[in-house]
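This report concerns only the one structure given below.
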Amino acid sequence: MRSPLANENLHRDPTCPADDKGLSGIHPLANARDSFAVRVLFARMAKHTLDVQYYIWHKDTTGLLLLSELLSAARRGVHVRLLLDDNGIAGLDAYLSALNEHPNIEVRLFNPFAQRRHKWLGYLTDFSRVNRRMHNKAFVMDNRMAIIGGRNIGDEYFAATHDVLFADLDMMIAGDVIKELSTSFNRYWTSQPACPIEQIIRQRGTDALNQLNEAVQGIFSRPDAEIKAYLDTLQKSVLIHQMMTNTLDLEWTHVRMVCDDPVKSLGKADDNKLVITQLQSIFENAKRSITLVSPYFVPTATGTHTLRKLADQGLQIRILTNSHGATDVLPVHAGYNKWRKKLLKSNIKLYEMKRLADIEYHQRIGRLGSSGSSLHAKTFAVDGERIFVGSFNFDPRSAKLNTELGFIIDSSTLSSQLDSLFNRVIPNAAYEIQINAAGRLSWLERLDDDHQRRHRTEPDSSFFQRLVVRLLGMLPIDWLL
């Protein structure tokens with residue numbers, strides 16, 4: 001099989017030990033293609049184990065390539081454990097079942113649906129259970145290095161398609177905190193909702209394994225210039241070259257993991273141990289500033305009260321979320337829409353990302369990635385001293401229903417970079433929402449350094465769409481969002 005990364009050097013180790021115990025090495029993965037290439041490299045570098053945990057895994061180019069890489073690792077003796085939420089694996093039952101038959105691969109599905117072909121029926125017959133999902137995202141190599149963050153596995157997350165692209169953020173991590181991450185993975189792996197795939201899918205997968213190999217071979221033989229260009233960029237990745245030659249400098253610092261207990265998916269988690277509770281304590285201890293990025297931002301009455309209280313105490317609070325035109329979940333925008341005025345009245349700055357396809361292709365948006373269709377990163381910085389990166393959206397679903405994973409990183413460098421992003425780039429890539437004395441909203445769009453446009457109605461929306469959003473906002477559905 002041809003390789004997406006032509007020059008393999010599997011004996012190289014891109015990490016170096018920290019001088020002080022208790023530190024972890026970090027490197028942000030803002031570039032989507034780099035983030036995919038590092039996952040491929042991890043699969044090839046693994047000597048003992050690969051623990052892989054995701055909410056969504058698509059049956060597309062990058063999804064199939066990574067499944068093939070896991071199989072290749074297993075064939076050379078690596079023990080692969082693949083834990084996937086059953087809500088986001090459409091069309092993969094046969095492939096996953098086939099992989100599970102390999103002696104070095106185990107596949108488990110989290111909170112599985114009994115009905116395989118029409119999973120939506122589960123929401124009608126068993127809603128309270130299947131409405132709770134595993135949203136965690138982690139790729140752990142040899143219990144030594146890992147990738148965590150906001151990206152699922154699919155072409156739209158790795159800039160392998162022009163149809164839909166997400167601007168996202170992952171973090172490559174090594175060092176002390178990996179022990180916590182591995183412990184968390186084991187806890188999920190052995191939890192009640194994690195079911196061995198053979199208990200869910202009865203079909204044998206021999207033919208499917210051949211089909212997987214043929215599908216991957218087809219990707220490399222496809223006369224598609226776009227695919228060839230994509231694979232070529234992986235080969236030329238500067239980051240991968242640095243990792244292969246041990247020239248990549250990690251920032252070594254204190255990192256703390258925050259993770260929900262898997263029993264949250266059973267409705268049995270202790271509220272005091274939820275990720276939202278741990279993050280709220282960090283917010284409440286902030287002294288100067290909070291800079292927050294969330295694609296699905298539904299603050300609810302409780303969150304709005306907390307943010308307004310902090311702003312009234314003098315904290316500078318800036319929030320970036322998707323605009324109406326950029327969001328891919330309209331009910332979530334409705335859940336956010338009704339809290340905007342209250343937030344603005346407390347001098348909280350609100351920015352709504354334009355449709356990224358409307359931003360000039362060459363214009364990068366820094367640590368959040370490059371051109372695409374929608375914001376998907378989940379991060380925040382506090383006081384210019386620490387930053388959060390993970391799977392947590394600031395909405396009721398992440399707070400109460402789905403399990404989540406993230407890391408609090410002591411890094412003035414990364415935190416300052418996020419703050420700088422709001423100062424330099426976001427004003428040109430997003431609408432700044434403003435409110436006048438009469439309580440009317442407007443959307444300020446900066447066209448360039450000297451020109452701006454003020455929208456009196458929500459950009460990229462029709463009257464009918466705004467009406468739908470308003471009606472949705474009246475419904476008592478925030479807890480579902």
Side-chain angles (χ1 to χ4, degrees), residues 51-60 63-64 66-67 70-71 80-103 105-138 152-154 184-209 211-212 215 259-269 274 296 328-329 331-332 391 393 395-405 477 479-481:
D51 290 336
V52 182
Q53 179 180 20
Y54 282 97
Y55 171 58
I56 290 174
W57 195 298
H58 284 321
K59 185 183 177 183
D60 55 15
L64 293 179
L66 280 177
L67 287 181
L70 296 183
L71 178 58
V80 178
R81 293 189 294 177
L82 181 58
L83 177 60
L84 301 176
D85 187 273
D86 195 32
N87 194 51
I89 56 170
L92 285 179
D93 279 9
Y95 288 165
L96 296 175
S97 181
L99 292 172
N100 189 65
E101 291 181 14
H102 192 285
I105 300 181
E106 296 179 82
V107 179
R108 295 189 178 183
L109 303 182
F110 196 89
N111 213 5
F113 293 78
Q115 170 61 249
R116 305 310 301 167
R117 185 179 295 272
H118 303 293
K119 288 184 178 180
W120 59 269
L121 290 173
Y123 285 98
L124 299 179
T125 61
D126 196 10
F127 180 80
S128 61
R129 179 181 70 85
V130 301
N131 188 45
R132 295 175 176 272
R133 309 312 314 175
M134 182 191 74
H135 198 235
N136 309 39
K137 303 160 179 62
N152 294 295
I153 305 301
S184 170
F185 183 91
N186 288 333
R187 188 162 61 244
Y188 274 81
W189 184 258
T190 58
S191 67
Q192 179 183 334
C195 298
I197 194 171
E198 64 269 19
Q199 296 180 10
I200 308 301
I201 303 172
R202 305 298 183 183
Q203 65 195 85
R204 301 290 292 177
T206 305
D207 291 340
L209 197 58
Q211 293 169 11
L212 173 61
C259 184
D260 285 316
D261 191 300
V263 299
K264 182 182 180 184
S265 65
L266 303 174
K268 299 179 180 179
L274 294 176
Y296 311 118
D328 61 330
V329 186
V332 169
S391 67
N393 292 305
D395 60 19
R397 175 162 290 279
S398 282
K400 296 294 185 180
L401 296 175
N402 293 348
T403 65
E404 304 290 351
L405 169 71
I477 60 172
W479 66 280
L480 288 170
L481 303 178

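Both backbone and side-chain heavy atoms feed into the values below; hydrogens, waters and symmetry mates do not. The first residue in the sequence is number 1, and the count goes up from there.
Put simply, the side chain of Lys119 does not reach to within 4.5 Å of the side chain of Val130, judged on heavy atoms. The shortest side-chain heavy-atom distance between Trp57 and Leu67 falls under the 4.5 Å cut-off. Side-chain contact between Leu209 and Glu101 is absent, with no heavy atoms from C-beta onward closer than 4.5 Å. Side-chain contact between Trp120 and Gln115 is absent, with no heavy-atom pair separated by less than 4.5 Å. Side-chain contact between Leu109 and Cys195 is absent, with no heavy atoms from C-beta onward closer than 4.5 Å. Considering only heavy atoms from C-beta on, Val332 stays 4.5 Å or farther from Arg397 through its side chain. With a 4.5 Å cut-off on side-chain heavy atoms, Glu106 and Trp189 count as touching. Val52 places none of its side-chain heavy atoms less than 4.5 Å from the side chain of Leu66.
Expressed to the nearest 0.5 Å, how far OH of Tyr95 lies from CD1 of Ile89 amounts to 14.0 Å. Atoms CD and CG, on Glu404 and Leu274 in that order, are 10.5 Å from each other to the nearest 0.5 Å. For the atom pair CG (Leu84) and CD1 (Ile197), the distance works out to 8.0 Å, reported to the nearest 0.5 Å. Atom CG of residue Leu92 and atom CG of residue Leu99 lie 9.0 Å apart, to the nearest 0.5 angstrom. Between atom CZ of residue Arg116 and atom CD1 of residue Ile200 there is a gap of 6.5 Å, rounded to the nearest 0.5 Å. How far CG of Asn402 is from CG of Asn393: 9.0 Å, rounded to the nearest 0.5 Å.
Note on Asp93 versus Lys59: no salt bridge recorded, every NZ/NE/NH1/NH2 to OD/OE distance being 4.0 Å or above. Asp261 and Lys268 are not joined by a salt bridge, as no carboxylate oxygen comes within less than 4.0 angstrom of a charged side-chain nitrogen.
Considering only residues two or more places apart in sequence or on other chains, Arg133 meets the salt bridge (charged side-chain N to carboxylate O under 4.0 Å, His left out) condition with Asp85. With sequence neighbours excluded, the residues satisfying salt bridge (charged side-chain N to carboxylate O under 4.0 Å, His left out) with Lys264 are Asp260. Remark: Arg187 engages no residue in a salt bridge (charged side-chain N to carboxylate O under 4.0 Å, His left out) (not counting sequence neighbours).
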Open item on the list: side chain to side chain contact (heavy atoms under 4.5 Å, CB included) for Leu70 and Leu82? Distances and angles first, verdict last.
Closed with: CA-CA 9 Å; Leu70 296 183; Leu82 181 58; 4.2 Å; yes
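Between the side chains of Tyr123 and Asn87, a donor-acceptor pair is found at a separation under 3.5 Å. Side-chain polar atoms of Thr403 and Asn136 form a donor-acceptor pair below 3.5 angstrom.
A distance-only check finds no donor-acceptor pair linking the side chain of Arg129 to the backbone of Ser265 [under 3.5 Å]. Side chain of Lys137 to main chain of His135: a donor-acceptor pair is present (N/O by atom type, distance under 3.5 Å, no hydrogens or angles). Within the 3.5 Å criterion, the main-chain N or O of Met134 finds no donor-acceptor partner in the side chain of Asn111. A donor-acceptor pair under 3.5 Å links the side-chain atoms of Asn100 to the main chain of Val107, judged by distance alone.
Taking the six-membered ring where tryptophan is involved, the planes of Phe110 and Tyr188 are tilted, since the angle between them lies from 30° to 60°.
Here the shortest heavy-atom pairing between Ser398 and Ser391 reads OG-O, 4.5 Å. What you find for Pro262 and Pro193 is that their closest heavy atoms are O-CG, 4.3 Å.
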